[in-house]
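Bear in mind the structure is a predicted one, so any value in this text is a computation, not a measurement. In what follows, every heavy atom counts, from backbone to side chain, and hydrogens, waters and symmetry copies are set aside.
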There are 2 protein chains.
Amino acid sequence: MTITDWTQRFHGTSHLPDAVRARLRAAARIVKFRNGAQVFGPDNVPDSLMFLYEGRIRVSQSSDTGREIVLYRVEAGESCVLTTACMLAEEAYNAEGIAETDVTAIVLPKLAFDRLAAEEDAFRDFVFQAYSRRLIDLLRVVDDVAFGRIDVRLAERLLALADAANEVQATHQQLASELGTAREVVSRVLHDFQKRELVSQSRGKITLTDTTALQALAHST
Amino acid sequence: MTITDWTQRFHGTSHLPDAVRARLRAAARIVKFRNGAQVFGPDNVPDSLMFLYEGRIRVSQSSDTGREIVLYRVEAGESCVLTTACMLAEEAYNAEGIAETDVTAIVLPKLAFDRLAAEEDAFRDFVFQAYSRRLIDLLRVVDDVAFGRIDVRLAERLLALADAANEVQATHQQLASELGTAREVVSRVLHDFQKRELVSQSRGKITLTDTTALQALAHST
DNA sequence: GTCTCTTCAGTGACAATGTCACGAAAGCCG
DNA sequence: CGGCTTTCGTGACATTGTCACTGAAGAGAC
């Protein structure tokens with residue numbers, strides 16, 4: 001994938017014009033992370049703005065009691081606004097970004113970012129839109145956690161994480177961290193799903209055997 | 001309060017310079033809301049950007065089962081970024097802003113906003129910072145809801161809502177809506193607080209009788 | 001192979017929180 | 001005073017979270 005591809009890939013209706021892409025390419029610096037590496041976190045505050053070129057980043061927040069919840073995922077073509085937020089806000093917070101695949105990111109020094117934001121409407125819109133999308137994502141997380149049933153949320157997440165063969169490669173602990181709950185809870189719900197023949201399990205893997213029923217469950221209030 | 005005062009009031013380290021203030025004043029339009037009025041919501045999507053000039057707005061999200069949770073409050077001098085997010089994102093979401101006092105807001109038409117964002121670094125920084133702060137606010141909400149104990153959260157909120165006389169004018173239902181829980185839960189916890197002589201109650205009013213102990217509880221884990 | 005070691009999953013008991021169905025008490029107003 | 005609405009209290013139960021422990025599955029050593 002070229003940078004040109006990337007700049008065309010960002011989510012939204014508008015596309016960055018050639019001139020902006022060229023300027024972005026000129027100012028950008030490429031950084032790579034291995035699968036599993038921490039891209040940013042409380043002890044690793046980047047001083048520049050990051051755009052994801054290739055791969056996927058999982059952004060999660062952890063409690064001081066060891067529990068964890070996934071906030072959202074950054075896909076190729078999206079920007080990682082939390083790094084910006086992190087930069088601007090002095091307050092500490094305990095969110096971190098973990099590379100879920102090998103990751104290539106574009107780092108834009110703050111100065112170059114400012115210039116682009118000032119001079120290119122399309123770029124500025126892109127960044128504002130990125131912020132907006134993350135806000136909406138977080139609203140959804142709040143809604144789920146505050147008001148959602150755990151079985152519904154697990155069904156949703158299983159469907160979202162399943163591969164083409166309807167299999168989810170994840171331990172119960174990892175699924176618990178997706179939802180911000182405890183492993184035992186996931187085990188119990190999955191056991192129930194199994195009895196209802198919605199899924200079958202083996203160590204570290206869930207097979208969705210009745211996606212229709214799971215979808216019905218996921219979409220029930 | 002003048003607009004000049006307002007532009008100096010926004011949270012952060014930098015201040016908007018005179019030139020920016022003048023331009024803002026020139027482009028702005030004033031809108032007023034009564035205490036209790038809905039400033040924005042699912043059925044009331046503004047087409048412009050809003051900055052709060054005077055008063056306070058409570059932004060909350062409600063579930064389809066009737067429960068509700070307060071996300072944050074917008075104070076005078078801050079911008080209401082959810083309206084922006086709302087504009088940019090097509091997706092529906094169920095957050096709404098309610099005026100907690102009589103409110104005076106500054107509405108900046110999108111075109112004027114774009115020009116200012118393009119031409120004034122300080123203004124752009126202000127807006128980015130506003131977004132960042134809201135993101136951080138929401139991270140805190142997620143953390144509280146997903147991992148926090150209800151008694152600790154209630155103690156925190158009581159302290160935050162108390163007036164100079166250490167009194168909180170709120171029904172149990174309203175406090176439940178602050179925290180995204182059920183009235184009965186608030187009733188039970190307050191009853192417990194009362195037995196421990198941390199608060200005393202009368203209809204629609206809580207008096208904090210031992211703020212020290214409440215603070216200790218609020219700051220525990 | 002089988003032994004050990006680590007990671008992962010299952011389970012029962014209990015605590016914390018949410019839901020439901022009531023009824024009692026406090027204030028308002030005729 | 002006597003209705004009326006809103007607010008609060010409460011018990012029973014469902015769901016979810018915590019703790020302590022057990023057993024099962026796989027990886028590697030031998």
Could you state the atom-to-atom distance from CG of B:Asp144 to C1' of C:dT17 in whole Å?
16 Å

Tell me which of A:Val189 and B:Arg203 sits closer to the 5' end of DNA chain D, going by the nucleotide each one is nearest to.
B:Arg203

Sorted by position of nearest nucleotide on DNA chain C, 5' first, the leading residue of A:Gly204 and B:Arg67 is A:Gly204

Could you check how far CD1 of A:Ile150 sits from C1' of C:dA16, rounded to whole Å?
15 Å

Okay, side chain of B:Asp102, backbone of B:Asn35: is any donor-acceptor separation there less than 3.5 Å?
yes

Quick one: is C:dG18 close enough that its OP1 or OP2 comes under 4.0 Å of any side-chain N or O from B:Thr181?
yes

Does B:Glu184 get its side chain close enough to the base of C:dC20, under 3.5 Å, for a donor-acceptor pair?
yes

Please give, in whole Å, the distance from C:dT17 P to B:Leu175 CG?
16 Å

Distance check, rounded to the nearest 0.5 Å: B:Arg134 atom CZ versus B:Cys80 atom SG?
7.5 Å

Salt bridge between B:Glu178 and B:Arg73, side-chain N to carboxylate O under 4.0 Å?
yes

Does A:Phe51 have its ring centroid less than 6.0 Å away from the ring centroid of A:Phe113?
no

Once you round it to whole Å, what is the distance between C1' of D:dG9 and CD of B:Gln173?
15 Å

Is there, by distance only and without an angle test, a donor paired with an acceptor across the side chain of B:Arg188 and the base of C:dG18 below 3.5 Å?
yes

Does a donor on one side chain and an acceptor on the other come within less than 3.5 Å for B:Tyr131 and A:Ser132?
yes

Once you round it to whole Å, what is the distance between P of C:dG18 and CG of B:Asp151?
11 Å

Toward the 5' end of DNA chain C, which comes first, B:Val185 or A:Gln194, by nearest nucleotide?
A:Gln194

Provide, to the nearest angstrom, the distance between the CG atom belonging to A:Leu154 and the C1' atom belonging to C:dA9.
15 Å

When rounded to whole Å, the CG to P distance for the pair A:Asp64 and D:dT18 reads 12 Å

Walking DNA chain D from its 5' end, the first of B:Phe147 and B:Arg183 to be reached, judged by nearest nucleotide, is B:Arg183

I need the CD-C1' distance between B:Gln174 and D:dC8, as an integer number of Å.
13 Å

Between A:His172 and C:dG10, is there a contact of a side-chain N or O with OP1 or OP2 at under 4.0 Å?
yes

May I ask you to say what B:Arg149 touches in the nucleic acid, namely base, sugar-phosphate or nothing, with a heavy-atom cut-off under 4.0 Å?
sugar-phosphate

Tell me whether the OP1 or OP2 atom of D:dC8 has a side-chain N or O from B:His191 closer than 4.0 Å.
no

Assess whether one donor atom and one acceptor atom, taken from the side chain of B:Gln201 and the base of D:dC8, lie less than 3.5 Å apart.
no

